Amino acid sequence: MPRVGADNSSPAINLPVLHRQHSMELDDHDRSANFKASPTLGELLKYVGDARKDETGDRTPPHQVLELSDMGHEPRSLPFVLSFSNLTYSVKIPQKFTLPTFSRRKNRLSSADDLVGHERNFLNTKTLLNDISGEARDGELLAVLGASGSGKSTLIDALANRIAKGSLKGSITLNGEALESRLLKVISAYVMQDDLLFPMLTVEETLMFSAEFRLPRSLSKSKKKARVQALIDQLGLRNAAKTVIGDEGHRGVSGGERRRVSIGIDIIHDPIILFLDEPTSGLDSTSAFMVVKVLQRIAQSGSIVIMSVHQPSYRILSLFDRLIFLSRGQTVYSGSPANIPHFFAEVGHPIPETENRTEFALDWIRELEGSPGGTKDLVEFHKTWQNMKNTRNCDSDRQGLSLKDAISASISRGKLVSGATNDSGPTSSVPTFANPLLMEMAVLSKRSIMNSRRMPELFGMRLGTVMVTGFILATIFWQLDDSPRGVQERLGFFAFAMSTTFYTCADALPVFLQERYIFMRETAYNAYRRSSYVLSHALVALPSLIFLSAAFAAISFWSVGLAGGISGFVFFFFIIFASFWAGSSFVTFLSGVVPHVMLGYTVVVAILAYFLLFSGFFITRNRIPPYWIWFHYISLVKYPYEAVLQNEFNDPTKCFGRGAQIFDNTPLGAFDDSMKIKLLQSLSGTLGLNITSSTCVTTGPDILRQQGITDLSKWNCLWITVAWGFFFRILFYFSLLLGSKNKRS
């Protein structure tokens with residue numbers, strides 16, 4: 001049959017008429033039908049090492065493999081088929097467009113000089129996925145290929161439920177049943193393209209924490225450790241097991257090792273469905289081959305493995321069972337790697353035997369994308385080709401197990417998807433989370449403390465800031481007297497001290513921002529509850545806040561000469577601690593709302609300045625305009641400021657102004673003492689009172705009334721400050737619940 005457009009020098013294609021079915025015979029058999037019962041993850045790891053040994057000559061020392069199941073090797077039917085059809089996803093991109101408008105003068109069209117351009121915003125729709133269909137089967141490795149911007153990562157996100165349901169059109173089913181988001185989170189895992197890891201944990205510790213989160217609590221600690229050691233060996237990470245991950249400021253493992261650790265933390269629980277976004281990116285050929293070999297074994301253990309890859313080598317291509325080629329969001333080929341030559345030969349662009357199939361195909365697809373007609377004809381040819389294939393294979397398609405039965409069978413065979421819920425339906429075979437809340441809190445707290453202890457400079461800088469601030473305040477306000485000047489100086493000390501406790505909490509802002517994407521990755525597939533993270537985050541912060549509070553209170557209280565003795569010091573410590581707690585909670589909440597460090601610092605500094613302004617120090621409550629009084633009551637600085645003032649001035653027997661001291665802070669204060677006594681005697685005669693130089697004219701409660709502090713007791717102020725801290729922790733939880741969906745809109 002003559003072929004039109006067979007000239008390889010031009011990207012344009014003319015599709016042949018498909019009138020001979022024997023020229024389209026496909027070698028796309030159902031591999032799963034020939035499988036025996038696949039080994040469990042522990043068993044398959046015995047054999048994965050051949051890739052590493054063949055390529056590097058390395059001989060991994062013998063190790064004990066964790067047996068996760070005692071099931072026999074009996075033939076089984078195909079349990080899982082993930083089908084997706086007509087997936088379409090578009091985004092709206094705002095664009096500016098200038099529209100000409102005409103002004104009219106005296107009801108007549110003006111001259112060209114009156115033509116005015118008005119800039120308006122329009123939404124341009126860009127289609128990222130366009131009518132994508134296909135399937136991925138248990139025991140097979142499906143690879144999505146294409147040039148940059150072809151839609152590979154978008155398709156992986158769509159299948160992994162990382163696109164909002166309202167934005168994604170089409171259907172995704174598992175064994176013919178709609179795949180619920182809740183169930184998918186439990187039975188699947190997603191390996192991101194970026195390596196998101198804690199920098200100061202070692203490789204072994206990172207995998208061990210992942211095992212604590214993802215493996216069933218019914219497994220003992222020793223078995224979890226054995227699972228981690230087996231995975232370290234088979235990922236080729238034995239030499240780096242005790243090395244920290246590292247970051248820009250700390251030397252750690254290599255880029256290839258980081259990628260293998262990222263994969264390891266998501267496959268440690270042997271998920272039924274595994275999604276990977278370009279797992280071989282940044283790896284050398286040997287490391288990339290070893291990673292894909294591991295993924296192949298994972299698939300053969302009874303998992304569906306779907307990955308995107310940019311341009312695989314010939315050896316890696318031989319490991320794939322199914323391929324999907326994308327071009328600008330459309331499918332240009334789907335099927336077995338063995339059928340690539342047949343397909344492109346039918347198109348009229350045969351692949352030379354000496355060429356790498358995928359490289360040749362991708363290069364030609366890029367040429368088509370740059371041609372006037374694009375890949376439209378190739379897409380249409382693929383649809384016709386695929387329809388003919390489906391027509392011939394429809395009789396041979398076998399009906400898989402129901403979703404509930406398939407999940408139950410998979411768990412019974414050793415898949416590390418644990419427990420059971422009380423619900424009926426497919427989700428009754430799996431729990432929402434592997435561990436109870438208290439265990440999650442314990443593991444999260446342990447990880448956070450371990451990571452922080454290896455970066456002591458962070459707490460050291462914060463402690464240094466607090467101690468230096470306390471020392472400066474102590475030396476400036478050294479042993480204040482009880483005169484009216486001493487009262488004003490005390491007010492200044494308290495205002496600055498309380499505001500400083502809040503400002504020093506700003507260093508908590510980058511803590512969550514650095515962990516944000518790790519948190520999103522882990523919670524996206526139910527490694528732990530968001531509530532567990534919030535509670536552990538608060539508990540881990542408490543010891544450092546107690547230490548900072550004790551240091552600041554010890555340095556400043558006695559040096560300034562504050563009143564109250566031991567009981568006064570204890571309350572001063574409590575209110576400082578409550579201020580640190582409320583400030584830390586407030587900053588933590590903002591870190592969950594504001595995604596950028598610099599923007600977060602700007603917001604924190606501005607809001608804390610407003611809190612200080614409305615605290616009652618610069619302007620008393622009675623003088624604040626009515627339209628701003630609400631801000632006074634939501635000021636975090638107001639309550640600790642009023643508490644320390646009451647702790648200092650609530651003693652009615654203590655005098656802060658005697659006799660002639662009433663003239664201090666007035667122009668009369670410049671006169672000498674003899675003149676002040678005469679003025680005092682004259683004032684006494686006028687008022688009919690006997691006011692001597694020793695008469696107390698201002699007590700502590702008088703100062704509190706002058707400052708407008710009459711509504712709440714000091715203990716009420718303390719409890720309100722503590723309550724603010726809990727309130728912002730609750731808001732932090734809701735910000736995580738609503739703002740960390742990790743989905744495209």
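These figures come from a predicted structure and were not determined experimentally.
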*Asks:* Under 6.0 Å from the CZ atom of F726, do we count more than 12 heavy atoms belonging to anything else shown?
*Replies:*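 Open.
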*Asks:* Please find the pair of heavy atoms, one from S210 and one from I268, that lie closest to each other, and give the distance.
*Replies:*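 S210 and I268 have their closest heavy atoms at OG-CG2, 3.4 Å.
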*Asks:* Quick one: does V244's side chain get under 4.5 Å of L201's, heavy atoms only?
*Replies:*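 When only atoms from C-beta onward are counted, L201 and V244 do not touch, as no gap falls below 4.5 Å.
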*Asks:* Just wondering, do Q646 and C717 contact through their side chains at under 4.5 Å, heavy atoms?
*Replies:*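 C717 reaches Q646 side chain to side chain.
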*Asks:* Kindly compute the distance separating CG (L737) from CG (L731), expressed to the nearest 0.5 Å.
*Replies:*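 L737 CG to L731 CG: 12.5 Å, rounded to 0.5 Å.
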*Asks:* Working note: F618 + L612, criterion side chain to side chain contact (heavy atoms under 4.5 Å, CB included); need CA distance, chi angles, decisive distance, verdict.
*Replies:* CA-CA 8 Å; F618 294 103; L612 178 60; 3.7 Å; yes
*Asks:* Tell me every residue that passes ring-ring contact (aromatic ring centres under 6.0 Å, His included) with F574, counting only those two or more places apart in sequence or in another chain.
*Replies:*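 Here no residue qualifies.
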*Asks:* To the closest 0.5 Å, what do you measure between CZ (R297) and CD1 (I267)?
*Replies:*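 The CZ atom of R297 sits 13.5 Å away from the CD1 atom of I267.
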*Asks:* Counting only N and O atoms by type, is there a donor-acceptor contact under 3.5 Å from the side chain of N161 to the main-chain atoms of S181?
*Replies:*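 No, N161 side chain to S181 backbone: no donor-acceptor pair under 3.5 Å.
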*Asks:* Return yes if some donor-acceptor pair links the side-chain N/O of S499 with the main-chain N/O of F496 below 3.5 Å, else return no.
*Replies:*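 Answer holds: yes.
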*Asks:* Between the side chains of Y190 and D157, is a donor N or O closer than 3.5 angstrom to an acceptor N or O?
*Replies:*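 There is such a pair (donor and acceptor under 3.5 Å, judged by atom type) between the side chains of Y190 and D157.
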*Asks:* Sequence neighbours left out, what pairs pass salt bridge (Lys or Arg N to Asp or Glu O under 4.0 Å) with at least one residue falling in residues 568-589?
*Replies:*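 Output for this query is empty, none listed.
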*Asks:* Spell out, as yes or no, whether a donor-acceptor pair under 3.5 Å connects the side chain of R258 to the backbone of V253.
*Replies:*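 Not confirmed, R258 side chain does not pair with V253 backbone.
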*Asks:* Between K221 and E212, does any side-chain N to carboxylate O distance fall below 4.0 Å?
*Replies:*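 Yes.
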*Asks:* Counting C-beta onward and ignoring hydrogens, is there a side-chain heavy-atom pair between R490 and F477 closer than 4.5 Å?
*Replies:*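 The answer is no; the side chains never approach within 4.5 Å.
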*Asks:* Do R447 and F213 come close enough that some side-chain heavy atom pair is under 4.5 Å?
*Replies:*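 SC-SC contact between R447 and F213 confirmed.
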*Asks:* With S308 as reference, evaluate T280, D277, T154 under the side chain to side chain donor-acceptor pair (under 3.5 Å) test and give the passing residue.
*Replies:*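 It is D277, the one option of T280, D277, T154 that forms the side chain to side chain donor-acceptor pair (under 3.5 Å) with S308.
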*Asks:* Dump the intermediate steps for side chain to side chain contact (heavy atoms under 4.5 Å, CB included) on S188 and L274, then the final yes or no.
*Replies:* CA-CA 6 Å; S188 67; L274 178 61; over 6 Å; no
*Asks:* Just how far is it from atom OG of S281 to atom NE2 of H310, taken to the nearest 0.5 Å?
*Replies:*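 Going from the OG atom of S281 to the NE2 atom of H310 covers 9.0 Å.
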*Asks:* Quick one, L196 with S262, criterion side chain to side chain contact (heavy atoms under 4.5 Å, CB included). Give me CA distance, side-chain angles, the key distance, then yes/no.
*Replies:* CA-CA 7 Å; L196 304 172; S262 296; over 6 Å; no
*Asks:* From R227 CZ over to L219 CG, what is the distance, rounded to the nearest 0.5 angstrom?
*Replies:*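 It is 10.5 Å, given to the nearest 0.5 Å.
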*Asks:* Report yes if the side chains of V309 and M307 come closer than 4.5 Å at any heavy-atom pair, otherwise no.
*Replies:*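 Yes; the side chains approach each other to less than 4.5 Å.
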*Asks:* Mark yes or no for whether S615, through its side chain, and K638, through its backbone, hold a donor-acceptor pair below 3.5 Å.
*Replies:*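 Not confirmed, S615 side chain does not pair with K638 backbone.
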*Asks:* Aromatic ring centroids of F732 and F512 under 6.0 Å?
*Replies:*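 Distance test on ring centres: under 6.0 Å, yes.
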*Asks:* Would you check if R453 and M200 make a side-chain contact, meaning some heavy-atom pair closer than 4.5 Å?
*Replies:*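 No, too far: nothing below the 4.5 Å cut-off.
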*Asks:* Using a strict cut-off of less than 4.0 Å between a Lys/Arg side-chain nitrogen and an Asp/Glu carboxylate oxygen, indicate whether E522 and R530 qualify as a salt bridge.
*Replies:*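 Not counted as a salt bridge, because no side-chain N and carboxylate O are separated by less than 4.0 Å.
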*Asks:* My understanding is that only residues two or more places apart in sequence, or in another chain, count here; which of them pass ring-ring contact (aromatic ring centres under 6.0 Å, His included) with F471?
*Replies:*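 None.
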*Asks:* Has M467 got more than 12 heavy atoms of other residues, nucleotides or ligands less than 6.0 Å from its CE?
*Replies:*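 No, the 6.0 Å shell around CE holds no more than 12 heavy atoms from other groups.
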*Asks:* Just grab all the side chain to side chain donor-acceptor pair (under 3.5 Å) pairs involving residues 534-562, residues at least two apart or on different chains.
*Replies:*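 Only H537-R729 qualify under side chain to side chain donor-acceptor pair (under 3.5 Å).
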*Asks:* Would you find a donor on one side and an acceptor on the other, under 3.5 Å apart, between the side chain of R162 and the backbone of A524?
*Replies:*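 No, the answer is negative, given that no donor and acceptor are paired below the 3.5 Å cut-off.
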*Asks:* If I compare all heavy atoms of M498 with all of S579, which pair ends up nearest, and what's the gap?
*Replies:*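 Looks like SD-OG, 4.1 Å.
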*Asks:* Could you check whether any side-chain N or O of T504 sits under 3.5 Å from a backbone N or O of T501, counting only pairs where one atom can act as donor and the other as acceptor?
*Replies:*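 Such a contact is found between T504 side chain and T501 backbone.
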*Asks:* Can you measure from CD (Q229) to CG (L231) and round to the nearest 0.5 angstrom?
*Replies:*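 That separation rounds to 10.0 Å.
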*Asks:* Can you name the residues that form a ring-ring contact (aromatic ring centres under 6.0 Å, His included) with F614, not counting sequence neighbours?
*Replies:*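 With neighbours one apart ignored, the set is W628, F631.
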*Asks:* How close do P199 and D247 get, counting heavy atoms only, and between which atoms?
*Replies:*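 So the minimum-distance heavy-atom pair works out to CB-OD2, 3.5 Å.
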*Asks:* Please report the closest heavy-atom contact between D195 and R259, naming both atoms and the distance.
*Replies:*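 Where D195 meets R259 most closely, the heavy atoms are OD1-NE, 2.9 Å.
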*Asks:* How about F573: does its CZ atom have over 12 heavy atoms from other parts shown lying under 6.0 Å from it?
*Replies:*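 Counting neighbours around CZ of F573, more than 12 heavy atoms of other residues, nucleotides or ligands fall under 6.0 Å, so yes.
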*Asks:* For the residue pair Y528 and Y533, does the interplanar ring angle fall in the parallel (under 30°), tilted (30 to 60°) or perpendicular (over 60°) class?
*Replies:*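 Because their plane-to-plane angle is under 30°, the rings of Y528 and Y533 count as parallel.
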*Asks:* What is the minimum heavy-atom distance between F493 and L562, and which atoms define it?
*Replies:*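 Answer, listing the atom of F493 first, then L562: CE2-CD1, 4.0 Å.
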*Asks:* Under the 3.5 angstrom rule, does the side chain of S584 hit a backbone N or O of W581 as a donor-acceptor pair?
*Replies:*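 Absent.
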*Asks:* For residues 456-478, which residue pairs pass the salt bridge (Lys or Arg N to Asp or Glu O under 4.0 Å) check, not counting sequence neighbours?
*Replies:*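 Every pair satisfying salt bridge (Lys or Arg N to Asp or Glu O under 4.0 Å) with a residue in residues 456-478: R462-D507.
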*Asks:* Does S452 use its side chain to pair, donor to acceptor, with the backbone of I449 at less than 3.5 Å?
*Replies:*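 The answer is no, because no donor-acceptor pair under 3.5 Å joins these two groups.
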*Asks:* Using every non-hydrogen atom in the two residues, find where S254 and E257 come nearest and quote the distance to one decimal.
*Replies:*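 Of all heavy-atom pairs spanning S254 and E257, the closest is N-OE1, 3.0 Å.
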*Asks:* Does L718 reach the side chain of Y639, with side-chain heavy atoms less than 4.5 Å apart?
*Replies:*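 Side-chain contact under 4.5 Å: no.
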*Asks:* Measuring only between side-chain heavy atoms, which start at C-beta, is T523 closer than 4.5 Å to K185?
*Replies:*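 Contact flag for T523/K185 side chains = no.
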*Asks:* Applying the ring pair (Phe, Tyr, Trp, His ring centres under 6.0 Å) test to F586, which of F611, W724, F727, Y503 qualifies?
*Replies:*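 Filter result, single survivor: F611.
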*Asks:* Which residue, K242, R238, K225, forms the side chain to side chain donor-acceptor pair (under 3.5 Å) with E204?
*Replies:*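 Running side chain to side chain donor-acceptor pair (under 3.5 Å) over K242, R238, K225 with E204 returns exactly one hit, K242.
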*Asks:* In this structure, are over 12 heavy atoms from other groups packed under 6.0 Å from M461 atom CE?
*Replies:*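 For M461, atom CE is not crowded (no more than 12 foreign heavy atoms under 6.0 Å).
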*Asks:* Calculate, to the nearest 0.5 Å, the distance between atoms OG and CZ belonging to S567 and F572 respectively.
*Replies:*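 S567 OG to F572 CZ: 13.5 Å, rounded to 0.5 Å.
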*Asks:* Given F617 and L491, is the side chain to side chain contact (heavy atoms under 4.5 Å, CB included) satisfied, shown in steps?
*Replies:* CA-CA 7 Å; F617 171 71; L491 295 178; 4.0 Å; yes
